[in-house]
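Right, one structure below, let's go through it.
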Amino acid sequence: MVKKGITGLFEDYLTKEPLFLDKEVLQANYTPDNIPHRDDQITQIAKILAPALRLNKPSNLFVYGKTGTGKTLSVRHTTNHILEVSKKNKIPVKVFYINCKLKRVADTEYRLIAQLAREFGKAVPPTGLPTDEVYKIFYNAIDHNKQVVLLILDEIDQLVKKAGDEILYNLTRINSELKNAQISVVGISNDLVFTDNLDPRVKSSLSEEELVFPPYNALQIQDILNQRAKVAFRDGILRSGVIEKCAAYAAKEHGDARRALELLRIAGELAERSNELHVEIEHLDLAEEKIERDRMVDIVSTQPKQFQAVLYSIYAISETRKGNISTGEVYDVYKSICNRTALRPLTQRRLSDILAELDMLGIINAKVISKGRYGRTKEISLATQPSIEPKIRSILKNDLGLA
DNA sequence: GTCAATTCACATGAAAGAGACCACGGTCTAGTG
DNA sequence: CTAGACCGTGGTCTCTTTCATGTGAATTGACGA
């Protein structure tokens with residue numbers, strides 16, 4: 001009975017006309033052949049990096065722009081072409097793309113250099129070696145041949161925030177010690193004021209050239225969506241207005257094209273799952289809610305126990321009363337929760353940092369305010385939408401063993 | 001009424017410790033011929 | 001004689017604690033109008 005039902009479902013699924021032609025086009029890691037509205041930037045990058053093809057060291061380049069403005073895409077696009085040409089003409093150019101945000105890959109000095117050395121085929125243990133040892137391995141590997149190395153550091157602000165700017169100093173200085181090879185750094189950052197806090201020496205050598213990616217406006221996002229949707233969906237699947245609405249959503253969020261594409265993809269999936277023949281505007285609303293919910297659930301359930309305990313305290317307080325919550329209040333409740341769950345309570349100092357991190361994750365809002373005579377504290381409130389709060393609460397309860 | 005000093009309740013920074021993970025080199029042990 | 005097991009040392013990395021210092025405005029209290 002059940003078996004037949006499921007088989008039937010699968011058969012239905014097969015016979016049904018799919019909404020999607022090629023869903024991959026809407027995925028985040030998809031690299032399209034042409035990138036609309038970024039021609040200027042791409043030619044600029046190309047001009048700056050072109051000397052690599054003559055085995056001269058290109059200027060270091062620094063690219064800023066908010067998320068989803070096509071920075072990474074444009075840089076990769078350009079470097080791919082450089083690689084293509086260099087391969088055809090047998091020019092020893094190497095391009096390394098490293099995302100500094102990836103945990104446990106390249107978020108510290110040691111790991112970044114180790115990762116680079118690994119790209120050169122050297123085995124480097126994940127830990128245990130002195131950092132300068134790894135530098136040496138890397139030097140030797142890179143200086144072995146005459147070549148130009150383009151090092152693309154994506155989300156470089158994250159790296160500097162965690163590990164300091166010494167790495168960048170070392171990297172930009174490396175050239176004077178290399179005999180054969182030359183290395184150029186392309187830094188990509190979401191943070192527009194990131195270089196302000198940099199050591200001036202690093203700043204001047206890293207940003208020999210700078211490029212700013214402005215956010216897309218709604219029309220441009222529409223263009224991008226249209227172009228991709230043409231490939232992704234079958235004809236006539238999207239109701240009119242869907243693209244426009246989608247673009248409007250994204251334009252509101254500082255022109256994030258990535259988000260717009262994700263929204264469109266999820267909306268399509270939702271429509272498909274509920275056996276609809278078209279993607280309606282309502283699906284966009286559902287999709288947005290789903291994205292938000294999935295993101296929250298994912299973040300909350302992957303947090304360490306202590307973070308969950310803190311978050312649970314905040315939920316517990318907000319359940320009993322309305323309004324903003326102070327740090328001290330959270331700490332009291334948190335301690336009692338630690339008691340109940342046999343968790344070792346942390347100090348208030350640590351709790352303060354945890355609150356700041358939860359704020360960064362967007363689960364809570366924490367704003368430092370001064371209440372004059374009555375001290376200074378964080379004003380904390382939940383940032384989650386009420387509709388998903390019960391879900392999060394139950395996740396926390398489960399994970400903390402408070403059922 | 002005005003103005004500087006005070007005071008609260010934390011925020012924020014810096015440094016250092018604990019404990020996990022790991023490589024490397026030396027020493028010991030057991031197995032092999 | 002040699003391969004493998006087993007230490008001790010020294011390194012990184014993350015999470016915490018400890019200690020120290022900073023901070024913004026309501027409140028206080030002195031002062032003069």
Side-chain angles (χ1 to χ4, degrees), chain A residues 98-118 120-141 155 158-171 193 196-199 299-314 317 321 323-339 341-361 363-381 399-400:
Chain A
I98 291 189
N99 189 333
C100 304
K101 208 173 89 182
L102 292 180
K103 284 232 162 178
R104 318 213 154 264
V105 176
D107 58 350
T108 69
E109 179 171 18
Y110 180 95
R111 296 217 260 250
L112 176 69
I113 305 298
Q115 185 62 31
L116 286 174
R118 256 178 241 130
F120 274 94
K122 302 280 175 189
V124 182
T127 166
L129 254 51
T131 306
D132 44 340
E133 192 70 26
V134 185
Y135 262 111
K136 245 179 253 163
I137 296 174
F138 175 57
Y139 277 142
N140 293 338
E155 316 232 14
Q158 301 286 327
L159 176 69
V160 171
K161 207 170 78 194
K162 277 202 67 179
D165 49 14
E166 214 159 290
I167 313 164
L168 297 181
Y169 180 64
N170 287 337
L171 275 178
V193 294
D196 292 358
N197 310 322
L198 238 50
D199 186 323
I299 291 177
V300 168
S301 54
T302 53
Q303 289 306 305
K305 275 258 155 51
Q306 295 285 4
F307 282 58
Q308 292 184 335
V310 173
L311 190 57
Y312 187 75
S313 316
I314 298 170
I317 297 171
R321 68 178 187 77
N324 291 315
I325 305 165
S326 71
T327 307
E329 209 173 342
V330 175
Y331 190 58
D332 287 344
V333 176
Y334 159 79
K335 269 194 294 194
S336 75
I337 283 178
C338 282
N339 254 329
T341 57
L343 214 59
R344 196 172 51 84
L346 302 174
T347 52
Q348 184 157 337
R349 173 70 186 84
R350 181 63 187 138
L351 185 111
S352 176
D353 281 348
I354 291 177
L355 286 174
E357 281 176 56
L358 288 175
D359 179 36
M360 286 269 295
L361 288 169
I363 310 176
I364 63 173
N365 293 316
K367 199 171 130 215
V368 179
I369 54 150
S370 176
K371 289 189 292 184
R373 188 69 211 252
Y374 305 107
R376 221 162 107 87
T377 183
K378 282 200 178 85
E379 203 178 61
I380 300 158
S381 61
D399 282 12
L400 292 169

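For the numbers below, each heavy atom of this structure counts, side chains included, while hydrogens, waters and symmetry mates do not. In this text, all values refer to a predicted model and were calculated from it rather than measured experimentally. Naming convention: chains lettered A, B, ... in sequence-line order (proteins, then strands); numbering from 1 in each chain.
- Straight-line distance from the CD1 atom of A:I369 to the C1' atom of C:dA25: 11 Å, rounded to whole Å.
- The shortest side-chain heavy-atom distance between A:K305 and A:L400 falls under the 4.5 Å cut-off.
- Annotation: salt bridge (charged side-chain N to carboxylate O under 4.0 Å, His left out) contacts of A:R118 (sequence neighbours excluded): none.
- Rounded to whole Å, atom C1' of C:dG24 lies 13 Å from atom NZ of A:K371.
- The interatomic distance linking A:R111 (CZ) with B:dA23 (P) rounds to 14 Å, in whole Å.
- Phosphate proximity of C:dT17 to A:R344: present, with a side-chain N or O under 4.0 Å from OP1 or OP2.
- In this structure, A:Y110 places its OH atom 20 Å from P of B:dA20, rounding to the nearest Å.
- Of the inter-residue distances, the one linking A:L112 atom CG with A:N170 atom CG reads 10.5 Å to the nearest 0.5 angstrom.
- Partners of A:T108 according to the side-chain hydrogen bond (donor to acceptor under 3.5 Å, both in side chains) rule, which considers only residues two or more places apart in sequence or in another chain, do not exist here.
- As a whole-Å value, the separation of A:K305 NZ from C:dT16 C1' is 18 Å.
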Per-pair distances, 0.1 Å, donor-acceptor, side chain in residues 328-339 of chain A, under 3.5 Å, sequence neighbours excluded:
unit_1, atom_1, unit_2, atom_2, d
A:E329, OE1, A:R321, NH2, 3.0
A:E329, OE1, A:S326, N, 3.4
A:E329, OE2, A:R321, NE, 3.1
A:E329, OE2, A:R321, NH2, 2.8
A:Y331, OH, A:L346, O, 2.8
A:Y334, OH, A:Q306, OE1, 2.6
A:Y334, OH, A:L346, N, 3.0
A:S336, OG, A:V333, O, 2.8

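- Residue A:I137 contributes atom CD1, which lies 11 Å from atom C1' of B:dA23 at whole-angstrom precision.
- DNA chain B is contacted by no residue of residues 332-339 of chain A, taking any non-hydrogen atom closer than 4.0 Å.
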Spell out protein contact along nucleotides 9-19 of chain B as letters: B when the base is contacted, S when just the sugar-phosphate is, - when no protein heavy atom is under 4.0 Å; keep the 5' to 3' order.
BSSBB------
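- Remark: A:T377 engages A:T327 in a side-chain hydrogen bond (donor to acceptor under 3.5 Å, both in side chains) (not counting sequence neighbours).
- For the pair A:E379 CD and B:dC8 P, the computed distance is 21 Å after rounding to whole Å.
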